[in-house]
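Note sheet for the following structure.
All values below come from the heavy atoms of this structure, side chains included, with hydrogens, waters and symmetry mates left out. Remember, it's a predicted structure, so these values are computed and weren't measured experimentally. Protein chains get the first letters and strands the later ones, always in sequence-line order, with residue 1 at the start of each.
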Amino acid sequence: MPELPEVETVVRDLRAAGLEGRTIRRALLHWPGMIDGGDAARFCRLVRGRRIRAIARRGKFIRFELSGGWTLLAHLRMTGQFELLPSREPRAPHERAALVLDDGRELRFRDTRKFGRWQLVRDAGARLARLGPEPLAPDFSAGRLQAALRGRRGRLKPLLLNQAIVAGLGNIYADESLWVARLHPARSAGNLSAAELRRLHAAMRTVLRRAVAARGTSLGDGQTNFRGLGERRGGYQRLLRVYGRTGEPCRRCGTAVQRIVLAQRGTHFCPRCQILGRRAGCGRTVR
DNA sequence: ATCGCAGCCTGTACGC
DNA sequence: TGCGTACAGGCTGCGA
């Protein structure tokens, strides 16, 4: 499930593979539905002949800055993967699109479940303006997190998944961050103490930094799992504390990790380390 | 503002 | 073994 660390890994891999500076000869869209806005022909026409000037990440979006002021925004959603292969390589299963480059290679996009999206925009800033702050940016302080949560009455986990609050967290790293911060996922965000806020802020950054260093999380080994460019798997699955560990002992206290559904998402936490505050619920430890 | 749900998809895991 | 069903989840859009 590509979240911030996985998307960051892909961006770094693409840069390291020398994609910046290459020119797009043409685009192939095997599944036109992946173009946001739906106009696949327009996409192909507009992208043709443009140079990839830079590649960057914003939240879970990959930004390809193209010549002529256009930006290709790519979102991997659940199962999107990029590959950079020689043009002679046969098309892989679930390949949805490719950008034919000027050096004999193609940037290929595989996406088993067809959730991924590409969008060509003039003003990427406007499109990305709804995203909240970057949690790993140097200026993302506890105060900025507090400002982002100010006035919010919702529960912590749904808010952490809301990309307008903070950009880049998904289900895995939201659960992991809350465990590190020792905060219950259903805890009301509106009444965090200053200390709890600092804990949450530090936890998010620690978890995300370590996950980036580990090149993200690769669960299982089917084709729906995350890989960086090529076959290299991430390593953070070995460091997961609660996600996917239902019934296994908490790494802090040994209590069985519990799974509940919050905001329609599987949510993993330690019922002993992460207790609900008095105002958020019934005031007792959830079993 | 917040919540829950449907929809988009398909591989995988499960029960029978 | 084979079938059917539930489930996984990022994001959007809808209605409450």
Side-chain angles (χ1 to χ4, degrees), chain A residues 1-10 29-38 40 57-62 73-82 92-97 109-119 121 126-132 135 147-178 185-191 208 211 216-227 234 236-237 240 242-247 257 259-268 279-281:
Chain A
M1 274 69 56
E3 305 178 27
L4 185 155
E6 290 76 24
V7 178
E8 180 68 25
T9 298
V10 171
L29 295 178
H30 311 306
W31 189 70
M34 62 174 281
I35 301 301
D36 247 347
R57 181 191 59 77
R58 173 75 173 100
K60 300 176 198 170
F61 286 89
I62 301 174
L73 291 178
H75 200 300
L76 306 174
R77 292 281 182 96
M78 303 295 300
T79 56
Q81 298 179 357
F82 277 108
H94 311 302
E95 198 178 302
R96 310 299 181 196
F109 187 67
R110 294 178 64 178
D111 184 19
T112 310
R113 285 158 78 173
K114 295 184 174 176
F115 282 6
R117 291 292 181 270
W118 284 7
Q119 188 176 19
V121 294
R127 179 71 185 78
L128 300 172
R130 41 199 313 199
L131 295 179
L149 292 175
R150 186 168 294 141
R152 294 292 184 153
R153 304 202 161 278
R155 296 170 295 184
L156 275 178
K157 163 98 181 228
L159 286 170
L160 291 184
L161 294 178
N162 183 344
Q163 302 298 296
I165 304 289
V166 175
L169 286 182
N171 206 36
I172 296 176
Y173 299 114
D175 282 2
E176 294 298 306
S177 297
L178 288 169
R187 173 73 188 276
S188 167
N191 60 3
L208 291 172
T217 301
S218 295
L219 298 165
D221 51 12
Q223 46 189 318
T224 57
N225 302 304
F226 168 75
R227 317 242 138 158
Y236 198 76
Q237 60 277 7
L240 292 175
V242 280
Y243 185 86
R245 297 190 63 244
T246 309
V257 169
R259 182 184 186 275
I260 58 175
V261 175
L262 257 188
Q264 289 88 244
R265 301 290 162 73
T267 298
H268 313 74
R279 292 175 55 190

Point to revise | Non-hydrogen side-chain atoms of A:Arg259 and A:Thr267 separated by less than 4.5 Å | key: no
Point to revise | Presence of salt bridge, A:Arg57 and A:Glu8, under 4.0 angstrom | key: yes
**Study point:** Note, A:Leu131 side chain near A:Phe61 side chain (heavy atom, < 4.5 Å)
**Key:** yes
Review point. Within this structure, what is the CG-to-P distance between A:Leu149 and B:dA1, rounded to whole angstrom?
Key: 14 Å
Point to revise | Residues A:Tyr173 and A:Thr217: side-chain donor-acceptor under 3.5 angstrom | key: yes
Check your understanding: Just by protein heavy atoms under 4.0 Å, how would nucleotides 10-16 of chain C read 5' to 3' in B, S and -?
Key -> BBS----
Check your understanding: What is the distance, rounded to the nearest whole Å, between atom CZ of A:Phe226 and atom C1' of C:dA8?
Key -> 18 Å
Exercise for review: Nearest whole angstrom, please: distance from the C1' of B:dC8 to the CD1 of A:Ile35.
Suggested key: 16 Å
Check your understanding: What is the distance from CZ of A:Arg152 to P of B:dA1, rounded to the nearest Å?
Key -> 6 Å
Practice item. Remember a base hit wins even if backbone is also touched, and classify A:Gly266 as base, sugar-phosphate or nothing at under 4.0 Å, heavy atoms. Key: sugar-phosphate
Review point. Roughly, in whole Å, what's the span from CG in A:Leu219 to P in B:dG11?
Key: 18 Å
Review point. Where does the angle between the aromatic ring planes of A:Phe109 and A:Phe82 fall among parallel (under 30°), tilted (30 to 60°) and perpendicular (over 60°)?
Key: tilted
Check your understanding: The side chain of A:Tyr243 lies closest to which of these nucleotides: B:dT2, B:dC9, C:dA8?
Key -> C:dA8
Review point. A:Lys157 has an atom NZ; how far is it from atom P of B:dT2, in whole Å?
Key: 17 Å
**Study point:** Of A:Ala263 and A:Arg117, the one whose closest DNA chain B nucleotide lies more 5'
**Key:** A:Ala263
Practice item. May I ask you to verify if any side-chain N or O of A:His94 is less than 4.0 angstrom from the OP1 or OP2 atom of B:dC9? Key: no
Point to revise | Assigned partner base of C:dT1, Watson-Crick or wobble definition, under 3.5 Å | key: none
Review point. When all nucleic acid strands are considered with a 4.0 Å heavy-atom cut-off, which category describes A:Arg155: base, sugar-phosphate, or nothing?
Key: sugar-phosphate
Practice item. Using a 4.5 Å cut-off on heavy atoms from C-beta on, say whether the side chain of A:Tyr243 contacts that of A:Leu219. Key: yes
Review point. Do NZ/NE/NH1/NH2 and the carboxylate oxygens of A:Asp175 and A:Arg265 come within less than 4.0 Å?
Key: no
Practice item. May I ask you to say what A:Tyr173 touches in the nucleic acid, namely base, sugar-phosphate or nothing, with a heavy-atom cut-off under 4.0 Å? Key: nothing
